[in-house]
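All remarks here apply to the structure that follows.
Numbers for residues simply follow the sequence, beginning at 1. Hydrogens, waters and symmetry mates are skipped; everything else that's a heavy atom, side chains included, is used.
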Amino acid sequence: MYITITPQKLGGNYSQSSADFVGYLEKENQGLQQQNMEHFFNQYGDEISAEEVVREIDGNTAKLKKKEPKFYSITVSPSRYELRKLQDNSQDLKRYTRELMKDYVASFNREINGRPITVDDIKYFAKIEHQRTFKGTDFQIKENQPYATKILQLKTDIRNIQEGRAEGNIMRMKKEIAKLEKQAPHQQNGKRITQGMKKDGEQSHIHIIVSRKDASNTFSLSPGSKHKASEVEMHGKTVKRGFDRDTFFAKAEQTFDKTFEYKRNYAETYKAKKTFVKNPNLYFSALMKLPANEKALAFKIISKSGLPVVPSIPVSQAQIALRVFKRLRRGAEIAIKSSSIGI
């Protein structure tokens, strides 16, 4: 389970409105029949239009400054192992989202009118998507880039020859291009993985847009707060503040496991990721102490997540430490850093 929480992008060419982001989330519906479209929904409503989402989010920004985010984007990406537990990706993920947002509000150390906030105090809209494309930040694209660069240069050389600006053996260059296409380390269905290519397999995930202000447009609720749950004296009063990201990420896993009776492997847990960052030796030791079948699954999960681990499990702990530890640490740090707004 990867969860990202991202503030609205502001400044430069970015709009103050949520319209661009909402429009981006509508991309998967293009060309589909009405019955096949995925619509926005919230805690109680289904089939909410994009226009209503923009109107509600943009109209809920009282007293927010121009440089302050008006909304946050939460992306929830279940793993292929988690998705296998679902019977109906659309309906099951919708049900999970509504439970997840209860965990979200419970992670705020805030009160409204002397009571803890509830899911009814926030304004959010969500949408299920079923496709993903490879982006420039994906490790497959980065590691294929040297080959892509050479292929692009060869294609440019061929075009120059064809248009009379240069001389050369076009046939030889085409053979070199074909060779490079096959040599690229990351392939999908026999083709070099390129930016924008659709990813194979189950790719269902959740996009959530949640207003910075509460549903009454009175209080600011920022999941990007630098403060964890704490209390501070303001104007002679004790005020609660903060958002506990650790609590949210941990509860998100627990809620999924409870909802779908999912047995989570150690390598999939947020606790494991935190342990890796704080104490890599302890993380590595915990992996090695897992029962044989769970250990095998753990390494399979790690390798499938994009971390550069060995293709098979070596025989001894010494071999594992020698082969993968440095690369595992480097790869996991990148993956973990990109998987949340902070640990």
Side-chain angles (χ1 to χ4, degrees), residues 1-10 16-18 21-22 40-45 48 53-76 95-127 206-256 258-259 270-271 274 339-343:
M1 178 80 68
Y2 283 111
I3 300 178
T4 64
I5 306 179
T6 310
Q8 175 192 14
K9 292 181 179 179
L10 297 168
Q16 290 286 313
S17 171
S18 62
F21 180 70
V22 172
F40 285 96
F41 63 94
N42 59 18
Q43 199 68 16
Y44 304 108
I48 299 171
V53 174
V54 173
R55 184 171 60 251
E56 290 292 326
I57 295 295
D58 287 359
N60 203 60
T61 60
K63 297 183 180 180
L64 288 177
K65 299 177 182 178
K66 191 173 182 179
K67 293 184 178 180
E68 289 183 303
K70 312 304 184 296
F71 63 85
Y72 283 83
S73 163
I74 305 175
T75 304
V76 183
R95 178 158 58 101
Y96 172 61
T97 300
R98 287 166 171 156
E99 294 302 314
L100 177 73
M101 295 312 286
K102 296 177 184 178
D103 297 331
Y104 174 78
V105 296
S107 301
F108 281 100
N109 186 46
R110 294 292 303 276
E111 292 183 348
I112 292 179
N113 299 324
R115 60 169 177 77
I117 63 172
T118 71
V119 73
D120 294 330
D121 292 312
I122 63 171
K123 189 182 288 281
Y124 84 87
F125 301 92
K127 196 168 187 288
I206 310 160
H207 285 290
I208 304 166
I209 178 170
V210 56
S211 176
R212 167 76 172 267
K213 299 300 288 286
D214 78 312
S216 71
N217 204 10
T218 304
F219 303 96
S220 179
L221 298 171
S222 171
S225 171
K226 295 180 180 179
H227 305 287
K228 282 194 174 184
S230 61
E231 295 184 353
V232 63
E233 288 289 331
M234 293 182 66
H235 309 296
K237 295 182 179 180
T238 300
V239 178
K240 292 183 177 182
R241 65 177 183 179
F243 179 79
D244 194 327
R245 295 184 287 275
D246 287 345
T247 294
F248 177 52
F249 295 140
K251 283 187 175 181
E253 289 182 354
Q254 293 166 9
T255 295
F256 186 94
K258 180 180 179 181
T259 302
Y270 177 65
K271 178 181 179 181
K274 277 191 60 106
S339 70
S340 68
I341 59 174
I343 291 180

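Ring geometry for Y104 versus F243: interplanar angle of 30 to 60°, hence tilted.
When side chains are defined from C-beta on, V53 counts as touching I48, because their heavy atoms get closer than 4.5 Å. Here the side chains of F256 and M1 are in contact, with some heavy-atom distance below 4.5 Å. The shortest distance between side-chain heavy atoms of I57 and I209 falls below 4.5 Å. The closest side-chain heavy-atom distance from T97 to V76 is not below 4.5 Å. Contact annotation: the side chain of I208 approaches that of M101 to within less than 4.5 Å [non-hydrogen atoms, C-beta and beyond]. In this structure, the side chains of I74 and T4 stay at 4.5 Å or more apart for every pair of heavy atoms. Taking 4.5 Å as the limit, some side-chain heavy atom of D121 sits within range of a side-chain heavy atom of R115.
Proximity of a side-chain donor or acceptor of D58 to a complementary backbone N or O of S18 within less than 3.5 Å is detected. Using modelled atom types, no side-chain atom of R245 and backbone atom of S107 make a donor-acceptor pair closer than 3.5 Å. Looking at K70, its side chain does come within 3.5 Å of a backbone N or O of E68 through a donor-acceptor pair. The backbone N or O of S216 lies less than 3.5 Å from a partner atom in the side chain of T218, making a donor-acceptor pair. For D214 (side chain) and F219 (main-chain N/O), a donor-acceptor pair under 3.5 Å exists by modelled atom type. Here the side chain of Q8 pairs a donor or acceptor atom with the backbone of Q16 at under 3.5 angstrom. With hydrogens and angles disregarded, no donor-acceptor distance shorter than 3.5 Å links the side chain of N42 to the backbone of A126.
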Going through the distances and angles, do R95 and T259 end up as a side-chain contact (heavy atoms from CB on, under 4.5 Å)? CA-CA 9 Å; R95 178 158 58 101; T259 302; 3.4 Å; yes
- prompt: Checking ring pair (Phe, Tyr, Trp, His ring centres under 6.0 Å) for the pair F125/F40: CA distance, chi angles, key distance, verdict?
  reply: CA-CA 6 Å; F125 301 92; F40 285 96; 7.3 Å; no
Which is it for E56 and K123 under the side-chain contact (heavy atoms from CB on, under 4.5 Å) test, yes or no, and what are the steps along the way? CA-CA 8 Å; E56 290 292 326; K123 189 182 288 281; 2.7 Å; yes
Using the rule given for side-chain contact (heavy atoms from CB on, under 4.5 Å), can you reason through V105 versus F248, listing the C-alpha separation, both sets of side-chain angles and the distance that settles it, and then say yes or no?
CA-CA 9 Å; V105 296; F248 177 52; over 6 Å; no
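A salt bridge links E99 with K102; the closest basic N to acidic carboxylate O contact falls under 4.0 Å. Comment: K274 engages D246 in a salt bridge, judged by a side-chain N to carboxylate O separation of less than 4.0 angstrom. Comment: D244 does not engage K251 in a salt bridge, judged by the lack of any side-chain N to carboxylate O separation of less than 4.0 angstrom.
Expressed to the nearest 0.5 Å, how far OG1 of T247 lies from CD of Q254 amounts to 9.5 Å.
The minimum heavy-atom distance linking Q43 with Y124 is given by the pair OE1-OH, 2.6 Å.
Shown are L64, T61, N60, L221; of these, the side-chain contact (heavy atoms from CB on, under 4.5 Å) with R212 is made only by L64.
Residues Y72 and S222 have side chains that bring a donor and an acceptor to within less than 3.5 angstrom of each other.
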